[in-house]
Amino acid sequence: MPADAVPSSAGGPPAVELRGITKRFPGVVANHDVFLSVSGGTIHAIVGENGAGKSTLMKILYGMQRPDDGEIFIGGSPITIHSPQQAIRAGIGMVHQHFMLADNFTVLENVVLGAEDEAGIGAGARKKIQQLSSQYGLGVDPDELMEDLGVGDRQRVEILKVLYRGAKIVILDEPTAVLVPQEVDELFGNLRELTREGLTVIFISHKLDEVLSVADAITVIRRGTTVATVDPKSVTARDLATLMVGSELPSPEARESTVTDIPVLTINGLTVSTPAGRALVDDVSFTIHKGEVVGIAGVEGNGQAELVEAIMGTRAARGSVQLDGNAIGGWGTRQRREAGVGYIPEDRQRHGLLLDAPLWENRMLGHQTEPPNAKGPLLDIAGARRDTEQIVAQYDVRTPSIDVTAGALSGGNQQKLIVGREMSHIPKVLIAAHPTRGVDVGAQAAIWEHIREARRAGMGVLLISADLDELIGLSDSLKVIYRGRLVADADPDTVTPEELGLAMTGAAAGSSREESA
Amino acid sequence: GDNGGGATPTATKKTVKVGLAYDIGGRGDKSFNDAAAAGLEKAKTDLNIEANELEAGATETEQDKYNRLKLLCQGGFNPVIAVGFVYAGVDPANGPVAKAAADCPNTKFAIIDSVVDKPNVASLVFAEEQGSYLVGAAAALKSTTGRIGFVGGCKVDLIAKFEAGYIAGAKAAKPDIKVDVNYLSTPADRCSGFNDPAKGKTAAEGLYDAGADVVYQAAGGSGVGVFQAAKAKGKKAIGVDSDQYNTVDPALKDVIITSMLKRVDTAVFDFVKSMGEDKFAAGVQVFDLKKEGVGYSTTGGFVDDIKTQLDDYKAKIIAGTITVPTKP
Amino acid sequence: MKRWDLRRVLPMIIAPIAALVLAALVSSAALLISGKDPLEAFSAMFDYAFGPNSGPDVTTEILNKATPYYLAALAVAIGFRMGLFNIGVDGQSRLGILAAGALGAASFLGVVPGPLRVVIMIIVAMAVGAAWAAVAALLKVYRGVSEVISTIMLNFIGGAIFAYLLTTERLGVKAVGGEIVSTPLLKSDSWIPGMSLFAGTANKMFGFAFVAIACGIAYWFLVGRTRFGFDLRATGLNPSAAVASGVSPKRMVIATMLLSGGVAGLVALPEVLGRDHAVTTSTPALGFTGIAIALLGRNNPVGIALAALLWAFLDVSNLPLDLLDIPKEIVTIMQGVTVLAVVVAYELAARVGRRQQQRSVGAATGEAAIVTLGIPAAIAAKLGVEAVSAPVEPPDSTAPTDPTVPGKHREEQS
Amino acid sequence: MTADTVLASTPGGMPAAPVKARRLSTPVILLLVAAGLLAFSAVRVITGADDITSSGAVRAALASAVPIGLAGLGGLWSERAGVVNIGLEGMMILGTWGGAWGALTFGAWGGIIAGAVAGALGGLLHAVATVTFNVDHIVSGVAITILAFGLARFLSSLTFANMAGGGDTQSPNVPDLPRISLPGVSALDGVESKHWFLVSDMAGILRGLLTDVSVLTLIAIALVPLTFYLLWRTSFGLRLRSCGENPQAAETLGVNVYRYKYYGVVVSGALAGLGGAFLSMVASSIYREGQTAGRGYIGLATMIFGNWRPGGLAAGAVLFGYTDALQLRRGSESVHALLLLIAVILLAVGVWQIVRGTRIAGLVSIALAAPVAVWYFTTDQIPVEFVQAVPYVTTLVVLALASQRLRPPAADGQPYRRGGG
Ligand SMILES: Nc1ncnc2c1ncn2[C@@H]1O[C@H](COP(=O)(O)OP(=O)(O)OP(=O)(O)O)[C@@H](O)[C@H]1O
Ligand SMILES: Nc1ncnc2c1ncn2[C@@H]1O[C@H](COP(=O)(O)OP(=O)(O)OP(=O)(O)O)[C@@H](O)[C@H]1O
Ligand SMILES: [Mg+2]
Ligand SMILES: [Mg+2]
């Protein structure tokens, strides 16, 4: 690695400097007159609400988007970057918000793709990967098939891809979103290693305490504009949040329990297996009572998705599922939904919306057999439209009309529509997977409030989230899932995110922290 | 199509405007349609005519054929010649020709290969089985292996007539002859076997490999594949419809010992001629051996040595002592 | 944005017209290359189709040709709406019509009154077409075989069965003097009579056209107004979301394939009941034509009707070109170019539409954005930051909503 | 739900890796080949259907497999780059015209080039529609097939119609390409014609494969390993395949996805065009309208059959070519003989399944073997209509058995836009 070739932090020109960057998308100004200066050999964090324009800014720096205006300086000299290739040549590497990996390729193929000139695509490349992997302690095997790897490994492959190209400036766009605290620590260890070698790291995150702990400098972006660059030592997470949102945050509401002892959803011995017989969800049992929020904590990929799918009936499972006293294990998804199971899917665009259909049709989705959307076997279009108008108003979905397509809305507004849709059918149980993922702080608070309200009215909630604060703040009881099993219960009143994170890695299995629900 | 403007006026009484509608495959199929075209060409040079030719499309309904005929008769063409049984339709009494003939009662029509019973329609049909009988006999007599073959373009009744005559002729000449039959397609794929020389070649190779040394093809455009196979294997083949010795690529000439002649050209020419002489006759005209409407060719001289035997069969068929079957 | 916003609808109307013009230009170019006069060609086509001489008959013929096209395209469109490619319309239609034709002419049904026999034929054709489509559906659902491949194979296999059965040894007969093998002629009481559209024309419009229209209305109603239709469209738009919404993908594939195959079974009926009165080995293959027409018509029942008429016009009116010694293949070229150009044009139109929607969303939400901008003074003071915190000026943030701003839109980058 | 749910201790070790598709080892493959050969030989001796292993049948199978295999390779190139190409049939049609026209104008080798170029132009059109304009891939493919049909006819009316012996729908005879035989192999003729058990079969197969082979056949065969090498062993291939697996990822690594998709689709068209040229130049030495007869679609099926890999695809093409050749070579008898083979195979599979413990599947297989055997013993021939359906039935049956193990490129058929990820 070109540890030597990097301008040192103090004194010299900044490693990266952006001046007056502006970028418009149809209907949106993603970046407006952005200024950013990153010193060499440091970790520079960028924070901001969802949609603030962070990713866009980084994509501009990486040549994936062209700015409408503004200049980029690398090591003090101006440069135009019109393609990732040019960025790579300028020593910039980027790890994207979503993994950019081909599942059916090996690690080696993923890494050398596009950089075949470095060391070919054969033995030379393998050697180089192994050497880099051990130099930075990444522990990556070049010949493994990508689809066999877990998220942590994938993250490391992404970093390896950047290092392999000899990047001196490494951009990481929300690398920690899918990692547990321990993995995050490991990652930060890796990053510090990189800066020690003289590399510059630009790092985007929504997790403000992480940012405070690792960054050398923090830039806040709001509504496409840089608001401030601050020193992590002089600010608190709350200050940062305020800067991001531009107003004081509402303080977390005091919790009041609404849990009853009437079970509404009872799961018993639920097991989901792969065709090869491996258990993805392994003998899971729990009960949700009326008015109760049961939170499931776990590292992504430990069976949460399969658990949700099994409950929704979109995936075959063994074991019993009882809703309000009815065994619904043999029912189809439609029957379950009609019986009162609401569903906020994890990936709203893939599982929750018809992007090319208007909002009112999206309002029908999942409830196309129920009033106000249907009368007998026919659709009730007028009813659905009327109800959509109401949801749009009540849930503050920002849209000019209910006839625009769902794809034209921003992610947060899409999510609000989904939440509104599910809530308006007054479900007995709500299966909420990452209900506020990718949603900005304001909308997040609103969604929480809606969930709390419904809970007060007696709804049971199964909450799955990667946001531990959300889990702890919203749940009445917490369970930890690990390799498909519920391995621990936790009391949300006392547990800390760190403890929860530890339990999620399986390390705490059987430790004293568990408590009965 | 052809503009047919260049008719050289000769000793006919009046200018005849001939409209001709081809079957699928159209001009240039080196076979059936080309035979009709040849008759028309001859008429153009020998008689005082103007002509226009229309081609059929690949997927047509009977109505399309009717429209084509009607376009011709309304365009002032008289006579209108429909080449191919498809123009008679499922129900010849009500098919494209019958309907067009009813619509244009003053136009004379001719239909080839089918019978349409209308006062202004001449039906020109051929006794393909008789000609096939002769080439079947020729094949058997020429065979040294005791085994001969037949390649049909599509398993339909019309081609079965060829097959039946061929086998009967062969058995007559050599009772213990073995005849292998291979069809290239069925109506299942809309008779693609009339258009796929590669298939013709493969099938003929199979027959030759099995020991046949003469193969008769009634496979339209795929027939050339049979000749190619014969050439490659050093074996013999028999052509169909026109004298294919004359139409085929020179390199392939010497494999064609004879061709079953189906004188569509003569039929067309005679019909046009009769029109010019105002001698139109409605009704069925069977072009059989007697009328020289079918026969076998001798170009190349391969069958000269057995000509007497063949002519003997011919005489017997004409005389009615031999009746040739039309179904295998 | 209103429900029927002109800005959204207009591109969708302009698109096919532009595509047609392009197709006409391409075929004109082809004609010029071969030394012919395109105007002569087009005027001959129009004159033949709508001129005083042949017009009434030929116009009727265009309608008649369009009827099976319409049915074939509907069959395909049902699948398309849920992202299913039924390329097997051809095989389904042939087997369906054969069963119906054979049964309709069967002597044991002779006592049944004619109209009832027509109904039986329709039902049998649909049932057999659906059954053949079901093979592909089951293979897809239970064995994961792509319906694109299986329906192509089933076309060949169905064709083989058809050819095997429709021979004189089995279901076929041959009329006196003819060479074409067909099922026995239907008795005239089970024909569907045609109707004269214009005074004095010999050619009659198929009575079955009304069945086709009814199918179109049923299609529109089913897809747009029923729960089943919603499931169907949802599956087409986003299969995984549809599954999450409660649609059973297996049942959906089977139901849709059955419907599609059922309509495919009807394709040849207009001609058999209205004109030919028998099923022949030369029933035209309309599977691919149906696909092209469904695409041209955007799977919309009215659009498909227009596309079917256009296609039929091109197919019928090219007849006189031969008389003028103009290669009539230009019509096929025109058809191919039209399909390609129309889909490209629609794609471009959809992009324009999408962009307009985003603009209007941006306009609606942009205003809200400006209100909340600016750092609370207290915080700014506490942190001592204001250097780079200039709030976005309102005009700029709404700039992209002005269509004339030459912003670098996503669409224009590639 | 009580507190004691808490702690089932974690099962040791990593979760089992997902089961990967089993790859057959070389000895196993050899063993299977040997067993197959034995079965064929035995069936031939028993039934007397000498054509099932004759050199002629093998040669015909090869000739029948080549255009299908080339179309399949075309599909592979395109789909590996993420573009579904159902327009192969149309590109093949263009290739038949181009091959004949090129050969007549520039000589046989010119035909090869012209055929490939004509197909490539069709591919280019498909690329423009699908890659640049993001048109649905199937839609574009259908349109191109319609267009190609009209274009080929139009072009032949401009070219062949003016040549002696040509017409609107067919060309004059096309000059042939050289044919090659491996010296010495022809001598096996004597052995083959003896119809000895096994020995004659092997002689027949060798003779079929090694004598009288067109150079275009050799080129086509060579294209299979060449494709494998280019796509799996070079950086070009890695990039091209990445466009079919995850184009967004490729884009972020500086791969110009559009360009590689264009490469894939244009090469795809060229290969299909070459397949077309093979039809008009080698298989029949003449261009004839409608000559492709759906081979492009069969090629596509072959590619799926071969799991989007060149080797599997070649196997599929050979299987299809073999059944096709057999049905054309006195098919009623040869295919009839195959019934016995099928019965035997079903029986063997059934027994094997029972031994392995899957009783029900085994019994089903054996139960299926019975009617097939009955069919064989009670008839002498199979109706020609069914004989001709054999290749399609075979393809469908094999797909039905194998489909669930197939793995198409992950982004196959999906629209891609730069900056869209
Ligand atoms: N791939 C895309 N193609 C077209 N437009 C897009 C695309 N991605 C985003 N947009 C546009 O960007 C806007 C919002 O997208 P995005 O999902 O990133 O929202 P967001 O900024 O995260 O919103 P929120 O803050 O509400 O979460 C929409 O107006 C949408 O039109
Ligand atoms: N390709 C695109 N087309 C149109 N609009 C886009 C596109 N990409 C981003 N945008 C818009 O630009 C804005 C900034 O998006 P960006 O992805 O940069 O936000 P972000 O700060 O990274 O958000 P997040 O925290 O959700 O990742 C979004 O509101 C979105 O509306
Ligand atoms: Mg976002
Ligand atoms: Mg982002």
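We name chains A, B, ... by the order of the sequence lines, and we start the count at 1 in each one.
Here the rule is side chain to side chain contact (heavy atoms under 4.5 Å, CB included) with D:Val131, and of D:Lys261, D:His126, D:Arg417 only D:Lys261 fits it.
Note: D:Ile146 leads D:Leu406, D:Thr395, D:Ile146 in heavy-atom pairs under 4.5 Å with chain C. When each of C:Ile333, C:Ile291, C:Val339, C:Thr332 is checked for heavy-atom pairs under 4.5 Å with chain D, C:Ile333 comes out on top. Per-residue counts of heavy-atom pairs under 4.5 Å with chain C were compared for D:Ala129, D:Ala400, D:Ala301; the largest is that of D:Ala400. With chain C as partner, the option from D:Pro383, D:Pro408, D:Gly294, D:Ala389 having the largest number of non-hydrogen pairs under 4.5 angstrom is D:Pro383. The candidate from D:Val390, D:Ile138, D:Val387, D:Leu300 with the greatest count of non-hydrogen atom pairs under 4.5 Å with chain C is D:Ile138. For the set D:Val128, D:Thr145, D:Ile144, D:Asn134, the count of heavy-atom pairs under 4.5 angstrom toward chain C peaks at D:Asn134.
In summary, C:Lys65 and C:Asp315 do not engage in a salt bridge, as defined by a charged side-chain N under 4.0 Å from a carboxylate O. Comment: D:Arg295 does not engage D:Glu89 in a salt bridge, judged by the lack of any side-chain N to carboxylate O separation of less than 4.0 angstrom.
C:Ser260 places no side-chain N or O within 3.5 Å of a backbone atom of C:Thr256 that could act as its donor or acceptor partner. In this structure a side-chain-to-backbone donor-acceptor pair under 3.5 Å is missing from D:Glu79 to D:Leu76.
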Checking side chain to side chain contact (heavy atoms under 4.5 Å, CB included) for the pair C:Tyr142/C:Lys250: CA distance, chi angles, key distance, verdict?
CA-CA 8 Å; C:Tyr142 293 107; C:Lys250 289 186 179 181; 4.3 Å; yes
Quick one, C:Thr280 with C:Val181, criterion side chain to side chain contact (heavy atoms under 4.5 Å, CB included). Give me CA distance, side-chain angles, the key distance, then yes/no.
CA-CA 6 Å; C:Thr280 75; C:Val181 178; over 6 Å; no
I'd like to know whether D:Leu155 forms a side chain to side chain contact (heavy atoms under 4.5 Å, CB included) with D:Phe160, so could you lay out the CA-CA distance, the side-chain angles of the two residues, the decisive distance to 0.1 Å, and finally the verdict.
CA-CA 8 Å; D:Leu155 289 171; D:Phe160 302 144; over 6 Å; no
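Considering all non-hydrogen atoms of both residues, D:Ser78 and D:Asn85 come closest at OG-CB, 3.5 Å.
Taking the ring centroids of D:Tyr392 and D:Phe320, they lie under the 6.0 Å cut-off.
Both the backbone and the side chain of D:Leu399 come within contact range of chain C, judged by heavy atoms closer than 4.5 Å. Contact annotation for C:Ala30: both backbone and side-chain heavy atoms come within less than 4.5 Å of a heavy atom of chain D. In this structure, chain D has a heavy atom under 4.5 Å from the side chain of C:Ile87, while its backbone stays farther away. Only the side chain of D:Ile86 comes within less than 4.5 Å of a heavy atom of chain C; its backbone N, CA, C and O stay farther away. Looking at C:Tyr346, neither its backbone nor its side chain comes within 4.5 Å of chain D, counting heavy atoms on both sides. Only the side chain of C:Val148 comes within contact range of chain D, with heavy atoms under 4.5 Å apart. Residue D:Ile304 touches chain C through its side chain alone, counting heavy-atom pairs closer than 4.5 Å. Heavy atoms closer than 4.5 Å to chain D are found in both the backbone and the side chain of C:Tyr164. The part of D:Ser157 that comes within reach of chain C is its side chain, from C-beta onward, which places non-hydrogen atoms under 4.5 angstrom from that chain. Of the atoms belonging to C:Thr289, not a single heavy atom falls under 4.5 Å from chain D.
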